[in-house]
Trainee: 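Take a look at this one; I'll ask things after.
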Protein chains: 2
Amino acid sequence: MPGEIIRPNPIYMQVADQLAQAIKAGEYEAGSKLPSETELMATYKISRPTARSAVNELRTMGLVESHHGRGSFVRSQAAAKTLIPRTIDRSGQRYSVPELRETETPGVTRIHLLDVHAHLLEQPEQDAADAFSTDHLMTDPDTGTRIALRVIIPMDVASDVPALAETPDADVTDLYAMLVEAGHKLTWREVVTARTPLPDERVTLGLTDASPILITYRVTYGTDDRPLICEELRTAAAMANLVYRITPERAPAKRPRAKN
Amino acid sequence: MPGEIIRPNPIYMQVADQLAQAIKAGEYEAGSKLPSETELMATYKISRPTARSAVNELRTMGLVESHHGRGSFVRSQAAAKTLIPRTIDRSGQRYSVPELRETETPGVTRIHLLDVHAHLLEQPEQDAADAFSTDHLMTDPDTGTRIALRVIIPMDVASDVPALAETPDADVTDLYAMLVEAGHKLTWREVVTARTPLPDERVTLGLTDASPILITYRVTYGTDDRPLICEELRTAAAMANLVYRITPERAPAKRPRAKN
DNA sequence: TATCATTTGTTCGTATGTATC
DNA sequence: CGATACATACGAACAAATGAT
């Protein structure tokens, strides 16, 4: 039994803990109002900064959301979420992805590959290659959920498949078709992570708080398992979930992809 | 052009923004020390609470981590992460999942189905059914990353397949085998989300901060697309990523699974 | 329409505790 | 031991959004 912390937890943590447990236990219904900061001050005999810190904890835990001038409200635990299917449909030699409503016309820029993309596209670390980068912004018409999609096409791939260089902002489905046209046999792998959004991501995704965003990197591999293009999708985890269909593979743990 | 916000952003946000951009631009190397709160107070002519708020933003964004008495340090952006393959291997009639090192002997409890699980397992909302719940805790021996896995087996499924009720804490691979033995033809679908950990999750996953955790719900479907069991996996997104292999489907967007 | 009380958001000041070097 | 640095906590004031009067 190694050194447990004897000193009691900070007050704001204790308060946050009690409120969190009460919420999880259903003592506050979804959508109902949390006690105001003034009320918390009274019931727990604490100062306002402490009360604020406690509520702040609940906010970063995603349990409540606060509204200026109104109060803090319990988030519904199972809110209606946009389900984003991460599947690919096949019809003959054409591969299509589930459609998403495009909000703006995509913008194409020429960039140096960042570390993450360079690693996924198996580019040499130093002297990272140039690439086309296309930013799409989609919106779910039902829920208003925004989804950002960035498509990365390395220059060397664009050289081999000139159609890509002409319309790097085409639909992903069409990009796949161009690669097939160029004689590639396509396979896909996707890596999923999550993090708290950066300030500019909050703006583009229309987020009001710092709750986590889901990020997926989908890499398209061509002949000889050569990585061709990378799609990076970002969306608020509280608004949308990803859905995968898992198909059993015959090969025994093919390409486990050694650690970074 | 509707009302853009003219009022400048809060000071602490502006400071956090500038620091965040500097970090992203590589002006602070990974592992290097951020200016101390006192320095921030001087350079930006702000008070201590404001400086603290700015650093706090960077902390919840996962860009820095603070150490009592030492300072705040820039997190390495591309830390070595455990890659968790979410694939299923097939060998004859046996389906196996990639192995994870078990840390503790799993504990089995009997529970009422929670809303999320009930929804995924398509149980009636009211009078939610009972279920076996098994908690596994795994650790990546290389990185020390902890992974929590919970397996949910509804009672009605356990009744139909008595082997499940006997050893609900068996390896998932064996659970699949029991279902196949009972005559089921298995398919899988997985839903991925993310959120900030609750206090107790921080303890079980050994987290020091409030950075996001990845959560996946894998549902195993049997004959007639009947949902049988649900696996819930949780791990820190900063420590581990999920890897999927995407196999094109012939059917056109089969079962889009209407929104919640 | 205007006013007012309530509530959260931001910012300052100050003090003390505690870990690190 | 002392200097530095972050963590916690209190008090105070004003701003801004909201909803009711």
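Lettering of chains follows the sequences in order, A, B, ..., and the numbering in each one begins at 1.
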Trainee: If we only count heavy atoms from C-beta on, is the A:Tyr217 to A:Glu231 side-chain gap below 4.5 Å?
Mentor: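 Contact flag for A:Tyr217/A:Glu231 side chains = no.
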
Trainee: Starting at atom CD1 of B:Ile11, determine the distance to atom P of C:dG9, rounded to an integer number of angstrom.
Mentor: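 From B:Ile11 CD1 to C:dG9 P: 17 Å.
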
Trainee: Nearest-Å distance, CE (B:Met41) to P (D:dA5)?
Mentor: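 About 12 Å, once rounded to whole Å.
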
Trainee: C:dG9 C1' sits how many Å from B:Asn56 CG, rounded?
Mentor: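 About 15 Å, once rounded to whole Å.
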
Trainee: Residues in salt bridge (charged side-chain N to carboxylate O under 4.0 Å, His left out) with A:Glu37, at least two apart?
Mentor: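 A:Glu37 satisfies salt bridge (charged side-chain N to carboxylate O under 4.0 Å, His left out) with A:Arg48, A:Arg52 only.
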
Trainee: For residues 233-243 of chain A, please give each side-chain donor-acceptor pair under 3.5 Å, one per line with the distance, not counting sequence neighbours.
Mentor:
residue  : atom : partner  : partner atom : Å
A:Arg234 : NH1  : A:Glu201 : OE2          : 2.8
A:Thr235 : OG1  : A:Arg146 : O            : 3.0
A:Asn241 : OD1  : B:Thr193 : OG1          : 2.9

Trainee: Over how many whole Å does the gap from B:Met13 atom CE to D:dA15 atom C1' extend?
Mentor: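 Distance check: B:Met13 CE to D:dA15 C1' gives 16 Å.
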
Trainee: Side-chain N or O of B:Tyr12 versus OP1/OP2 of C:dT11: is the shortest distance under 4.0 Å?
Mentor: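 Answer no for this pair, as no side-chain N or O of B:Tyr12 is under 4.0 Å from OP1 or OP2.
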
Trainee: For B:Asp169, give me all partners under side chain to side chain contact (heavy atoms under 4.5 Å, CB included), at least two apart in sequence or on another chain.
Mentor: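 Partners of B:Asp169 under the side chain to side chain contact (heavy atoms under 4.5 Å, CB included) test: B:Pro106, B:Val108, B:Thr134, B:Thr167.
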
Trainee: Mind listing the side-chain donor-acceptor pairs of residues 65-73 of chain B below 3.5 Å, one per line with the distance, residues two or more places apart or on another chain?
Mentor:
residue : atom : partner : partner atom : Å
B:Glu65 : OE1  : B:Arg75 : NE           : 2.9
B:Glu65 : OE2  : B:His67 : NE2          : 3.2
B:Ser66 : OG   : B:Arg59 : NH1          : 2.5
B:Ser66 : OG   : B:Ser72 : OG           : 2.7

Trainee: Write down the distance between CG (B:Leu40) and C1' (D:dA5), rounded to a whole number of angstrom.
Mentor: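 After rounding, the reported distance stands at 12 Å.
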
Trainee: So, is A:Ser53 close to the D:dT8 phosphate, meaning a side-chain N or O under 4.0 Å from OP1 or OP2?
Mentor: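 No, because none of the side-chain N or O atoms of A:Ser53 sits under 4.0 Å from OP1 or OP2 of D:dT8.
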
Trainee: Using atom types as modelled, flag every donor-acceptor pair under 3.5 Å from a side chain in residues 19-34 of chain B to any protein atom, sequence neighbours excluded.
Mentor:
residue : atom : partner : partner atom : Å
B:Lys24 : NZ   : B:Gln77 : OE1          : 3.3
B:Ser32 : OG   : B:Glu29 : N            : 3.3
B:Ser32 : OG   : B:Glu29 : O            : 2.7

Trainee: Please list each protein N or O that sits under 3.5 Å from an N or O in nucleotides 4-8 of chain C, with the distance.
Mentor:
residue : atom : partner : partner atom : Å
C:dT8   : OP2  : A:Glu37 : N            : 3.0
C:dT8   : O2   : A:His68 : NE2          : 2.9

Trainee: Identify the nucleotide, in any strand shown, that forms a Watson-Crick or G-U wobble pair with C:dT1, with both distances under 3.5 Å; if there is none, say none.
Mentor: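 Its partner is none (no Watson-Crick or G-U wobble pair with both distances under 3.5 Å).
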
Trainee: What is the distance, to the nearest angstrom, from the CZ atom on B:Phe73 to the P atom on C:dA19?
Mentor: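 The answer, rounded to whole Å, is 17 Å.
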
